[in-house]
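Here is the naming used below: chain letters follow the sequence lines, and residue numbers restart at 1 for every chain.
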Amino acid sequence: MKSPDLEATSGLDFIRTRIAEDVKAGRNGGRVHTRFPPEPNGYLHIGHAKSICLNFGIAKEFGGLCNLRFDDTNPSKEEVEYEESIKRDVKWLGFDWDDRLFYASDYFGQLYQYAVQLIQSDKAYVDSLTADQIREYRGTLTEPGKDSPYRTRTIAENLELFERMRAGDFPEGAHVLRARIDMRSGNINLRDPAIFRVKYASHYRTGSQWCLYPMYDFAHALSDAIEGITHSLCTLEFEDHRPLYDWFLEQLQLPHRPQQIEFAKGFISYTVVAKRKLRTLVFDKRVSGWDDPRMPTLSGLRRRGFTPEAIRAFWESIGIAKRDSTIDVSQLEAAVRDDLNKKAPRAMAVLRPLRVVIENYPEDQVEELDAVNNPEDASMGKRKVPFSRIVYIERDDFRENPPKQFFRLSPGREVRLRYAYFITCTSVVKDENGEVVELRCSYDPATRGGDAPDGRSPKATMHWVSAAHAVRGEIRLYDRLFNDERPSEDEEGDFTSSLNPNSLEVLADAHLEPSLSSAQPGDRYQFERMGYFCADLDSKPGALVFNRTVTLRDTWARIEKGLKKPR
RNA sequence: UGGGGCGUGGCCAAGUGGUAAGGCACAGGUCUUUGGAUCCUGCAUUCGAAGGUUCGAAUCCUUCCGCCCCAGCCA
């Protein structure tokens, strides 16, 4: 845990700098109290992780607290399923709200009373214009609005109507409670914003107890005040709501004054994160669900094999600022690789098998060879890998007519099978279509373990798996969900046109080293030379399924695609 | 044509009057039983543009240009 030097604020982002200054000045009694306030109407995604890391991270760094508060003020959109997924994801990310789990709906009674106070001080009124009329009266971006004819109702009249709104005397839309601020304000949020509306939808927590629900601006500012929040961090689009946030706190003369500070969201290239778009992908079955490993949701990333540490490190490397940004996915990928390189045990898995018969290797012999579990971490130990006369290698590791820069196996060439022997390809077996179906090779018994007594060293070292010992498994290869760096919408508002049709490739018959047979869902490995993989939720003993989290950096692939010039 | 923000290398991002941190990406090299990892080196004479102030400006002033957000009884 970092503990920012409260004297020197240089190097801190602008929010931490301000908080450090507040602490130093003794504001809020030196307390730091933040909150993460999701609406339970969808799954958390990588962008939410930024806010979670910020809010919980700051609390931790400053010795403060961070609440988890559900902003459940719109019963028609919210569900328990979402609440549960959100709690699961926040915990998985590594944060804890202890006993500070709150709901805006817990405050409905208080919020109602605060609204009554506003009416009593003549700062709010019941409007009986229709929604359409209210929109007309609001004016436009460049033209001021005009006062509603109901704006001058008496306090007594407003009090009575508001009470009846709560009692269920009116249908939805008949009346709405509005703050009396300024219909001519340049800031549209200040043109008498609605603060309570009638809704007969059943709320997932309060049921039919209420038919009156507070609007976000009112509920949020007051919830912050009620909970003693000191710094209310939110994204840039709420910047011009801040005067309203402050207005509510000012008018109600609350003893505690939280301050709202805004920061920029962080978008990731080649994906979408807008709630509406994520819902479309799920409900239109463009993906298998909220936790489809291609989704940028935290549950998707988790299933894909990302670690919470990697996600936290990612956001930490990005920082906090007020500039709109689209971060290159490669930076997210770099963060997982960096974390998994240190943690993931290595294993050998042949994704696209090509049979190799080692002709001079004794027919019935099996050797148990030593393999290192993680060259980055000797404490992870070693394991035995069986070797025999027939092995499988990766199809891509053989070329009958190798291009100049290809230095893997080809006719007449010697390569090293990792931890095993040097083999040389002596002939190629093809089927009637001329396709290579098998390689015949010879091996050098003196190279057992992978070292030659004469010191020679092949240019390529390849992974392999013994045919007789291999376990079969399904491997799911994922690629970016969209082909566009910033998936855009066409005229019809359809953002799915740039969906990558090849974002999922299933390899049904991968051959895995036997130690993998005990893999449990969630276990992560590096399949040597292929990437990082994670046993899927669907994986079972005897029916293994692995998701590719991310490939390894692959210089050869880049040369082959012409992205990099060969050395 | 209203209000609120933002413009520093391909992508992020420090810097807030003293002569452009860092990460990702990229390039080259080292090392290597993963074409992985590691390690080293390189990568903005310039900070949206133009003027101005100053011994000195990314930082101060002026004007201009560009991008984002706001007209839910959504959050």
Side-chain angles (χ1 to χ4, degrees), chain A residues 10-13 37-39 41 71 73-74 76-77 127 129-131 134-135 138-145 172-173 175-178 184-191 193-199 213 215-217 219-220 234-243 262 264 266 269 275 314 316-335 337-338 341-342 346 348 372 375-376 405-408 416-420 422 447 449-451 457-463 485 526-531 551-559 563-565 567:
Chain A
S10 131
L12 297 180
D13 58 65
E39 183 188 14
N41 71 342
D71 228 325
T73 55
N74 186 354
S76 45
K77 291 185 173 178
D127 197 356
L129 252 25
T130 64
I134 285 181
R135 192 179 316 116
R138 188 156 30 228
T140 68
L141 292 178
T142 52
E143 295 160 325
E172 286 183 13
H175 309 283
V176 64
L177 185 71
R178 294 228 257 169
R184 298 163 44 86
S185 173
N187 182 345
I188 292 181
N189 295 298
L190 262 22
R191 316 239 263 231
I195 58 187
F196 264 99
R197 80 285 211 187
V198 172
K199 251 182 201 280
Y213 294 93
M215 300 292 291
Y216 163 82
D217 291 293
H220 201 84
C234 65
T235 44
L236 251 28
E237 67 270 31
F238 293 104
E239 208 150 20
D240 44 16
H241 289 236
R242 189 174 358 128
E262 310 83 10
S269 60
K275 213 166 267 185
F314 166 72
E316 198 169 311
S317 77
I318 296 303
I320 299 293
K322 294 190 71 165
R323 203 179 314 166
D324 296 317
S325 62
T326 300
I327 302 136
D328 202 302
V329 250
S330 68
Q331 199 152 346
L332 220 205
E333 293 172 348
R337 287 194 190 104
D338 186 54
N341 178 45
K342 290 173 272 179
R346 315 283 124 125
M348 293 195 284
V372 170
E376 305 294 315
Q405 287 302 314
F406 183 91
F407 47 78
R408 272 108 98 145
R416 168 167 40 226
L417 292 184
R418 184 151 225 223
Y419 302 127
F422 293 0
T447 58
D451 283 304
S457 185
K459 281 196 93 173
T461 297
M462 299 170 9
H463 59 104
E485 195 171 331
Q526 184 200 97
F527 289 170
E528 297 222 20
R529 305 204 305 136
M530 304 309 288
T551 60
L552 252 28
R553 265 188 85 238
D554 190 344
T555 306
W556 165 242
R558 288 175 48 74
I559 292 171
L563 290 170
K564 181 188 169 75
K565 52 176 194 284
R567 294 185 183 185

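- On a pure distance criterion of 3.5 Å, no polar donor-acceptor pair joins the side chain of A:D554 and the base of B:rG35.
- If you take CD of A:E333 and P of B:rA37, they are 13 Å apart, rounded to a whole angstrom.
- Centre separation under 5.5 Å together with a plane angle under 30° does not hold for the ring of A:Y216 and the six-membered base ring of B:rA75, so they are not marked as stacked.
- With sequence neighbours left out, A:R191 forms a salt bridge (Lys or Arg N to Asp or Glu O under 4.0 Å) with no residue at all.
- The listed nucleotides are B:rU34, B:rA25, B:rC73; the one nearest the side chain of A:A334 is B:rA25.
- Every residue two or more places apart in sequence or in another chain that forms a side chain to side chain donor-acceptor pair (under 3.5 Å) with A:T461 is listed here: A:R416.
- Listed pair A:R558 / B:rA27 meets the phosphate criterion, a side-chain N or O lying under 4.0 Å from OP1 or OP2.
- Stem analysis of RNA chain B (at least three stacked-register Watson-Crick or G-U pairs, each with both distances under 3.5 Å) gives B:2-7 with B:65-70, B:10-12 with B:22-24, B:26-29 with B:39-42, B:48-52 with B:60-64.
- In this view, A:R337 satisfies the side chain to side chain donor-acceptor pair (under 3.5 Å) rule with no residue, not counting sequence neighbours.
- Atom CD of A:E143 and atom C1' of B:rU1 are 10 Å apart (whole Å).
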Could you run down nucleotides 6-12 of chain B 5' to 3' and tag each one B, S or - for protein heavy-atom contact under 4.0 Å?
SSB--BS

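- In this structure, the side chain to side chain contact (heavy atoms under 4.5 Å, CB included) partners of A:F196, at least two apart in sequence or on a different chain, are A:L111, A:A115, A:F162, A:L177, A:L212, A:P214, A:F218.
- Atom-to-atom, CG of A:N187 to C1' of B:rG3 comes out at 6 Å; the value is rounded to the nearest Å.
- Judged as a salt bridge (Lys or Arg N to Asp or Glu O under 4.0 Å), and not counting sequence neighbours, A:R184 has no contacts.
- Distances shorter than 4.0 Å separate some side-chain N or O of A:R529 from OP1 or OP2 on B:rG35.
- B:rA75 atom C1' lies 8 Å from atom CG of A:N74, rounded to whole Å.
- For B:rG42 and B:rG5, the C1' atoms lie 37 Å apart once the distance is rounded to whole Å.
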Would you tabulate the pairs of protein nitrogen or oxygen atoms and nucleotide nitrogen or oxygen atoms of nucleotides 64-66 of chain B closer than 3.5 angstrom?
none

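- Checking B:rA75, B:rG72, B:rU34 against the side-chain heavy atoms of A:R138 singles out B:rG72 as nearest.
- Under the side chain to side chain donor-acceptor pair (under 3.5 Å) criterion, A:R418 pairs with A:E528, sequence neighbours left out.
- You won't find any donor-acceptor pair under 3.5 Å spanning the side chain of A:E376 and the base of B:rU38, going by distance alone.
- In this structure, the separation between CD on A:E172 and NZ on A:K199 is 6.0 Å, given to the nearest 0.5 Å.
- To the nearest angstrom, C1' of B:rU34 lies 14 Å from CZ of A:R337.
- To the nearest angstrom, P of B:rC24 lies 14 Å from CD of A:E316.
- Distance, A:E262 CD to B:rC69 P: 16 Å, rounded to whole Å.
- Taken from CG in A:D217 to CG in A:N189, the straight-line distance is 6.5 Å, to the nearest 0.5 Å.
- The distance between atom CG of A:D240 and atom C1' of B:rC68, rounded to the nearest whole Å, is 12 Å.
- Partners of A:F527 by ring pair (Phe, Tyr, Trp, His ring centres under 6.0 Å), not counting sequence neighbours, listed by chain and number: A:F533, A:F546.
- The side-chain heavy atoms of A:N41 and A:N74, taken from C-beta on, include no pair separated by under 4.5 Å.
- Taking side-chain N and O atoms only, A:R416 has no distance below 4.0 Å to OP1 or OP2 of B:rU32.
- Under the side chain to side chain donor-acceptor pair (under 3.5 Å) criterion, A:S325 pairs with no residue, sequence neighbours left out.
- In this structure, A:R191 does not reach the B:rG2 phosphate: none of its side-chain N or O atoms is under 4.0 Å from OP1 or OP2.
- Taking side-chain N and O atoms only, A:T142 has no distance below 4.0 Å to OP1 or OP2 of B:rG3.
- Every residue meeting the ring pair (Phe, Tyr, Trp, His ring centres under 6.0 Å) condition with A:F406, not counting sequence neighbours, appears here in chain and number order: A:W556.
- B:rG56 adopts an anti glycosidic conformation, its chi angle falling more than 90° from 0.
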